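On a predicted model such as this, the values are computed, not experimentally measured, just so you know. For ligands, and for the atoms within them, numbers begin at 1 and follow the listed sequence.
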Amino acid sequence: MGHKTPMERDDLNTLKAWFSVYCDSFSSSLEEDRKNYDVKRKHTDNVCSNMLLIAQDLELDDQRTMIAEAVALFHDIGRFPQYQQYKTFQDSISVNHAALGAKVLIENSALCSLPQEEQDLIVRAVTLHNVLTIPGELDPDLLQLVKMIRDADKLDIWRVFLEYYAQPKSDQATAVGLGLPDIPEYAPEILTRLHQRKLVLLSSLKTLTDFKLLQLAWIFDLNFPASFRIVALRQYIDRFALTLPKTDDIADAVDAVREYLNEKLKNG
Ligand SMILES: [Fe+2]
């Protein structure tokens, strides 16, 4: 194939159709499996919407916006084979789902209609969407895409978990809670991290309460003014607070998170 032209709407629609067929190939006779796959499909749809909101707020041109949408569409594609093989969404006991996603895209030549440069951007942004810290010295176009997908993703993961916590156990998609015990105990050092405005390491998790606090700390990793506005609009902090044990220590830590959001809203 010779020179390929930059992505157009039709190309993006073809990618969406391909993704849908790919997801359909992960059917299962088990209701539990179907729920876990459905969680990821709905998550993908919402991340695509969040991505568009961020792209529009940044006033990106159509070209950049479509590339961003493709990154959102494919960011969690690795979740499907990950769950099929390991029945978990926990990377630490299975496989890095972002790296697996990049492999799926390449092995299936999913992006082959696009120019090589666009393919590389999409694959690299998918690969980097879940790293703890973004590597330095990324090309500015890639860096922006990585920051966008990380925001768009977190903005919907909060929704996924709030829905999960609100559901009766029998309706929950099992892989979402990472199998952590749903008990009020938490590690005090996680609250210290919230006061320091620092992310919490996944390796420090022992209970579902730890995990909720870790998710609250994601706010410190958001990049764009639109993302902070969406957090406020969707009332994520207050809704998370309602799921947490009612202790003074936790209330103080949640206040610290609220204060950070308010600063960002003022300065954004
Ligand atoms: Fe992901």
Side-chain angles (χ1 to χ4, degrees), residues 15-16 19-20 22-23 26 33 35-54 67-106 108 110-111 121-135 138 142-164 173-180 199-203 205 211-212 214-224 227 230 236:
L15 295 181
K16 287 180 182 171
F19 179 73
S20 180
Y22 181 79
C23 292
F26 291 85
D33 294 346
K35 264 192 256 176
N36 284 311
Y37 289 134
D38 283 350
V39 159
K40 288 302 169 189
R41 281 189 89 152
K42 189 174 171 197
H43 170 62
T44 298
D45 283 348
N46 284 295
V47 173
C48 288
S49 310
N50 291 338
M51 195 66 145
L52 256 184
L53 291 174
I54 296 168
I67 292 173
E69 285 183 81
V71 171
L73 180 68
F74 291 131
H75 83 284
D76 260 357
I77 192 169
R79 288 299 192 188
F80 295 87
Q82 176 187 43
Y83 185 83
Q84 185 178 52
Q85 191 173 353
Y86 302 97
K87 303 286 173 190
T88 184
F89 293 140
Q90 207 175 342
D91 286 14
S92 61
I93 58 167
S94 56
V95 66
N96 178 345
H97 75 277
L100 180 58
K103 195 169 151 233
V104 166
L105 292 175
I106 292 166
N108 290 282
L111 306 171
L121 269 176
I122 294 166
V123 169
R124 294 188 69 197
V126 167
T127 307
L128 291 169
H129 89 268
N130 71 334
V131 296
L132 186 69
T133 7
I134 302 173
L138 292 185
L142 176 61
L143 180 62
Q144 186 183 51
L145 274 177
V146 170
K147 286 180 171 175
M148 289 172 75
I149 184 58
R150 291 166 68 90
D151 280 20
D153 193 17
K154 290 183 182 80
L155 288 169
D156 190 63
I157 300 180
W158 281 315
R159 175 200 61 82
V160 170
F161 282 100
L162 285 168
E163 286 183 6
Y164 173 83
T174 46
V176 171
L178 303 186
L180 294 165
L199 293 176
V200 177
L201 301 181
L202 263 168
S203 56
L205 294 188
F211 193 31
K212 291 172 182 175
L214 173 144
Q215 290 169 341
L216 262 183
W218 283 340
I219 196 166
F220 305 129
D221 201 39
L222 290 180
N223 298 290
F224 298 106
S227 307
I230 293 170
Y236 282 143

Exercise for review: Measure up the F211 and W218 rings against each other and bin them: parallel (under 30°), tilted (30 to 60°), perpendicular (over 60°).
Suggested key: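 Judged by the thresholds at 30° and 60°, the geometry between F211 and W218 is perpendicular.
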
Check your understanding: Hey, what's the ring geometry for H75 with H43, parallel, tilted or perpendicular (30° and 60° as the breaks)?
Key ->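 The rings of H75 and H43 stand perpendicular, inter-plane angle above 60°.
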
Check your understanding: Can you tell me if an N/O/S atom from D153 lies under 2.8 Å from the Fe ion (ligand 1)?
Key ->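 No.
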
Exercise for review: Tell me whether H75 has at least one N, O or S atom under 2.8 Å from the Fe ion (ligand 1).
Suggested key: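 Short answer: no, not a single N, O or S atom is under the cut-off.
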
**Study point:** Salt-bridge criterion met for D45 and K42 (N-O under 4.0 Å)
**Key:**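 Salt bridge: no.
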
Practice item. Would you verify whether the NZ or CZ of K40 falls within 45 degrees of the ring axis of F89 while also being under 6.0 Å from that six-membered ring's centre? Key: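 That pair qualifies as a cation-pi contact.
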
Check your understanding: Of all the N, O or S atoms in D76, which one sits nearest to the Fe ion (ligand 1)?
Key ->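 Of all N, O or S atoms in D76, the Fe ion (ligand 1) lies closest to OD1.
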
Practice item. Could you tell me which N, O or S atom of H129 is nearest to the Fe ion (ligand 1)? Key: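 The atom in question is NE2.
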
